[in-house]
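Written out below as structure tokens is the structure these notes cover.
Below, read A as the first sequence line, B as the second, and so on, with proteins coming before strands; counting in each chain starts at 1.
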Amino acid sequence: MRFDLTVNGSKRTVDVDPDTPLLWALRDELNLTGTKFGCGIAACGSCTVYLDGEPTRSCQTMVEDVGEAKVTTIDALSGKPAEAVQAAWRELDVPQCGYCQSGQIMAAAALLNENAKPSDEDINDAMDGNVCRCVSYHRIRKAIHRAAELMEA
Amino acid sequence: MNFFVPQNVSKPSRRGFLIAAGGTTAGLMIGSNLSLGTAEAAKTAEGAFNPFVIIAPDSTVTVLSKHLDKGQGAATGLATLVAEELDASWDQMHVEFAPANAKLYNNLQWGPYQGTGGSSAIANSYTQYRSAGAAAKEMLVAAAAKAWGVPAGEIKVEMGKISHSSGKSGTFGEFAAAASAMPVPEKPALKSPDQFAYIGKSFPRLDVKGKTEGAPIFALDVKRENMLVATIARSPKFGGTVKSFDATEAKKVNGVVDVIQIPAGIAVVAKSTWPALKGREALTIEWDFSKAETRSSDQLFEEYRELAGKPGKVFRSTGDAEAALAKADKVVEGDFEFPFLAHAPMEPHDVVIEFDGKTADIWTGSQLQTVDQYVTSKTLGIELPNVNIHTVWAGGSFGRRAIYDSHIVGEAAQLAKAWGKKQPLKIVWSREDDIKGGYYRPMYVHRVKAGLDADGNVIAWHHRIVGQSILTGTPFEALLVKDGIDHSSVEGVTNIAYDIPNMHGELHTVKVGVPVLWWRAVGHTHTAFVVETMIDDLAKAAGKDPVEFRMGLLKKKPRHMGALKLAAEKAGWGSDAPEGRFRGVAVHESFSSYVAEIAEISTSEDGEYKVERVVCAVDCGVAVNPDNIAAQMEGGLGYGLGHAMRNEITLTDGEVDQANFDTYEPMRISDMPNVETYIVPSTEAPTGVGEPGTPPVAPAVSNAIFAATGTRWRRLPFTKNEGTGS
Ligand code: FES
Ligand code: FES
């Protein structure tokens, strides 16, 4: 079946079964590989994209349910919080293997978008769904605080 | 993993570091006798040595990393070594993975194998990569001297600039082609440590930018023209085989192209990933479990416990432990249990393979390139040099990608052979495939008895270990299993750091049909826990402070002492812990690095605990990149902590009970303590940091719990102990 999607600001059409997770439509059909596969059951956050700005697990979002929602992926992430997050991530060398980091960055930028000065508690709440098997959490926490500073400046 | 013994060390060759370059790209390829400036080309360089450095006309310095980088920063580390001796500027540095070629890119600690593991990447490459950089610099200087008509000795190289006092200056790129025609320095001079500009300072990792943008650097991101995607249904019990299968429903799934039986199971080949996963769900398979492992983990533990009561094979005997125990003033005993553990790297396994009947090309996060090549060549019936491994960045490993039987790549080769068409295939594993897929850290049971004399001196230690051997039955058995003792079962006990006059160790190696593998820090993951909690119990029995008690037993181990002292000082050991906080300490050497950790926990009335802070001190010789060392300590101890808190793989009638991150619940950010890492200053040769941060954390936490509650947790994960609030 054909579905019209709005992805990173452009109209894209995918021809897949309706139950295809958005994750695989993005990766396999649209060649947007920044969004990663980690669990397929909404337990790790690697596949985080935005639907109308809301962080969403693309492995558990079927293509037929996307509808008119605007899809944003790491491949085209932009805006002040996102840039601050990426800059802080680089400054503090957050990534190890890097495989989880697309999802981490999507989640962190969404947090800063809502809350420009998050506390450690806020960070735990917003980021607990994003697994990092390399355990870069210590730096993720520091980098989110640093990104908040960068946004202020 | 320390699966290749270093006895077979081959010395870095002094010969042939720098040979001609030029050719189409007019680049300078250091260490190879090729005239081509690309990494791919180097694979044809039979007989060449150490092709590690390419300099392009635009002055980009490409370092060819012979090691996989699966998150530990090895690629950046190798680039640092080259940049140091080359006096390059950091922004001209670039790193790529070298092609598979054991002659050129072998691990110098392992002999004739290319591979990464045992925290050896920097250790084995330290002189090799520095020499490659130094040689390149000498050739650039010689070329500039000739062009400018000045003595080479008057030329300076600084931050990627070549200059002379006359005011002449140039870039690396300008001289790259000419430099390649210069004679090869026999022994390039290396800097002394006081001249270091890079080593010992923290330069940003070269891979970080891409990793913040979702760059397509992993095998899952590899796309070849016309590529199909496959999943494989494997036996739910280890050792089971396919009796019969029905693919009718699977073939009805839109996008499924074919269903093929291979030795590994039933493969579903599809146009893309989702139909490959869905098609597999629709398969009906009848399995033959007649040769499968069908025991439950409870039953295995029962059997292990029973064996722990009986004498085993002696792996260490010093003095007379039994007699000393009989005379001891106080005896401390402990029974310890450790579960199977999955590595669960963040990127589930994936391999892309293209086979045209003669040559196979493979894209994967290859950790043992030589073994991957060997298994593929045998499976496909082609010559080993016709297997091209394109190593790509790996989304974690923790040991899981370094597989003695290369079964992940091997299955891909099985399928490519059965498929029989040139069309490329990507084999994708789901998380369930990974968690249920075996190759675990083995289960272990330890039984220990130790005795103190009336003055509180440890006079006896009797230690029994029961568990599977990782290496018995593998091609590495001959190398690493000596007289029935697999070193990886006993490391950390057999070489216990503490000075104990009467020490006796025995091992029972059991046979279980579950494939097992090295898991970040291998044997130390259980031995450090046992030794460090026993020592804590002994300190308590002797009425001594745990740090002081350890110091007394480590007099002949200055590097253990140095790390312990630094951690104690930085953690404020000796002063009171903050209100409601309790501290525990552990120190352990693994992979020749010495790590002390002090965990600070808080507890609540319902028996919950939280690890608030970990102070870590590490002695890993020369600290090549201190910030990366800190990152590895944070990650290594976090990895150990998460598993100690709540992870186990259990079996019911041979089937794995866990499936995904809902039932194998990973460490999350809210579990993460604040970590402070301190590095012991050292001029010793650098040693690894990927693994050594892991072993001390679980015992440090158990010791803090003990300090808080007086209860000793000896079963892993901690949720298995009384009073864990779970
Ligand atoms: S892949 Fe979607 S949450 Fe893990
Ligand atoms: S950086 Fe490897 S999983 Fe997060």
ask   = Just how far is it from atom CG of B:Asp207 to atom CG of A:Asp93, taken to the nearest 0.5 Å?
value = 8.0 Å
task = Sort out for me which of A:Gly38, A:Ala25, A:Gly34 touches chain B most, counting heavy-atom pairs under 4.5 Å.
result = A:Gly38
task = Search all heavy atoms of A:Ile41 against all heavy atoms of B:Phe661 and return the closest pair with its distance.
result = CD1-N, 4.4 Å
query = At what distance, to the nearest 0.5 angstrom, does CD1 of B:Ile669 lie from CG of A:Asn130?
reply = 8.5 Å
remark   = Scored by heavy-atom pairs under 4.5 Å with chain A, the best of B:Asp662, B:Leu220, B:Asn628 is B:Leu220
query = Where does B:Pro673 contact chain A at under 4.5 Å (heavy atoms): side chain, backbone, both or neither?
reply = backbone
ask   = Got a salt bridge between A:Glu29 and B:Lys271, using NZ or NE/NH1/NH2 to carboxylate O under 4.0 Å?
value = no
request  = Identify the two heavy atoms, one from B:Gly214 and one from A:Asp75, that lie closest to each other, and give their separation to 0.1 Å.
outcome  = O-OD1, 4.3 Å
ask   = When you look at NZ of B:Lys610, are more than 12 heavy atoms from neighbouring residues, nucleotides or ligands closer to it than 6.0 Å?
value = yes
B:Phe203 versus chain A, the contacting section by heavy-atom distance below 4.5 Å = backbone
note = The interface call for B:Glu432 against chain A, heavy-atom contacts under 4.5 Å, is side chain
inquiry  = Go through it in stages, so that I can follow the logic: the residues are A:Asp28 and B:Lys223, the test is salt bridge (charged side-chain N to carboxylate O under 4.0 Å, His left out), and I'd like the CA-CA distance, side-chain angles, deciding distance and then a yes or no.
reply    = CA-CA 9 Å; A:Asp28 287 355; B:Lys223 215 167 216 177; 5.1 Å; no
request  = For A:Arg27 and B:Thr273, indicate whether the former's side chain and the latter's backbone hold a donor-acceptor pair under 3.5 Å.
outcome  = no
Within-4.5 Å side-chain heavy-atom neighbours: B:Arg668 and A:Val131 = yes
note = Ranking B:Val208, B:Leu277, B:Asp221, B:Asp671 by heavy-atom pairs under 4.5 Å to chain A gives rank one to B:Asp221
query = Short question: side chain of A:Arg133, backbone of B:Ala344 - any donor-acceptor pair under 3.5 Å?
reply = yes
remark   = Ranking A:Cys39, A:Ala43, A:Ser102, A:Cys44 by heavy-atom pairs under 4.5 Å to chain B gives rank one to A:Cys39
query = Looking at B:Pro216, B:Ala630, B:Pro348, which makes the most heavy-atom pairs under 4.5 Å with chain A?
reply = B:Pro348
message = Please rank B:Ala631, B:Ser272, B:Pro666 by heavy-atom pairs under 4.5 Å with chain A and give me the top one.
response = B:Ala631
remark   = To the nearest 0.5 Å, atom SG of A:Cys134 lies from atom CD of B:Glu634 at 12.0 Å
ask   = Checking A:Thr20 against chain B: side chain, backbone, both or neither under 4.5 Å from a heavy atom?
value = both
task = Indicate yes or no for a side-chain donor-acceptor contact from A:Tyr137 to the backbone of B:Met667 under 3.5 Å, with no hydrogens or angles considered.
result = yes
inquiry  = Given heavy-atom pairs under 4.5 angstrom as the criterion, report whether the side chain, backbone, both or neither of A:Asp120 touches chain B.
reply    = neither
message = Please rank B:Met346, B:Arg431, B:Lys278, B:Lys70 by heavy-atom pairs under 4.5 Å with chain A and give me the top one.
response = B:Met346
message = Is it true that, when you exclude A:Glu64 itself, more than 12 heavy atoms of the residues, nucleotides or ligands shown sit nearer than 6.0 Å to its CD?
response = yes
ask   = Where do B:Arg205 and A:Gln96 come nearest, in terms of heavy atoms and distance?
value = NH2-O, 3.0 Å
key: Region of B:Asp627 in contact with chain A, defined by heavy-atom distances below 4.5 Å   = both
key: Atom group of A:Leu77 that falls short of 4.5 Å from chain B, counting heavy atoms   = neither
task = Calculate, to the nearest 0.5 Å, the distance between atoms CZ and SG belonging to B:Phe398 and A:Cys97 respectively.
result = 6.5 Å
note = Per side chain to side chain donor-acceptor pair (under 3.5 Å), B:Ser670 is matched among A:Asp128, A:Asp125, A:Asn124 by A:Asp128
query = So, for B:Lys211 and A:Gly98, which heavy atoms are closest and what is the spacing to 0.1 Å?
reply = CD-CA, 3.7 Å
key: Reported CG-to-CG distance for the pair B:Asn254 and A:Asp19, which is rounded to 0.5 angstrom   = 9.5 Å
key: Interatomic distance, B:Phe218 atom CZ to A:Thr33 atom OG1 [nearest 0.5 angstrom]   = 10.0 Å
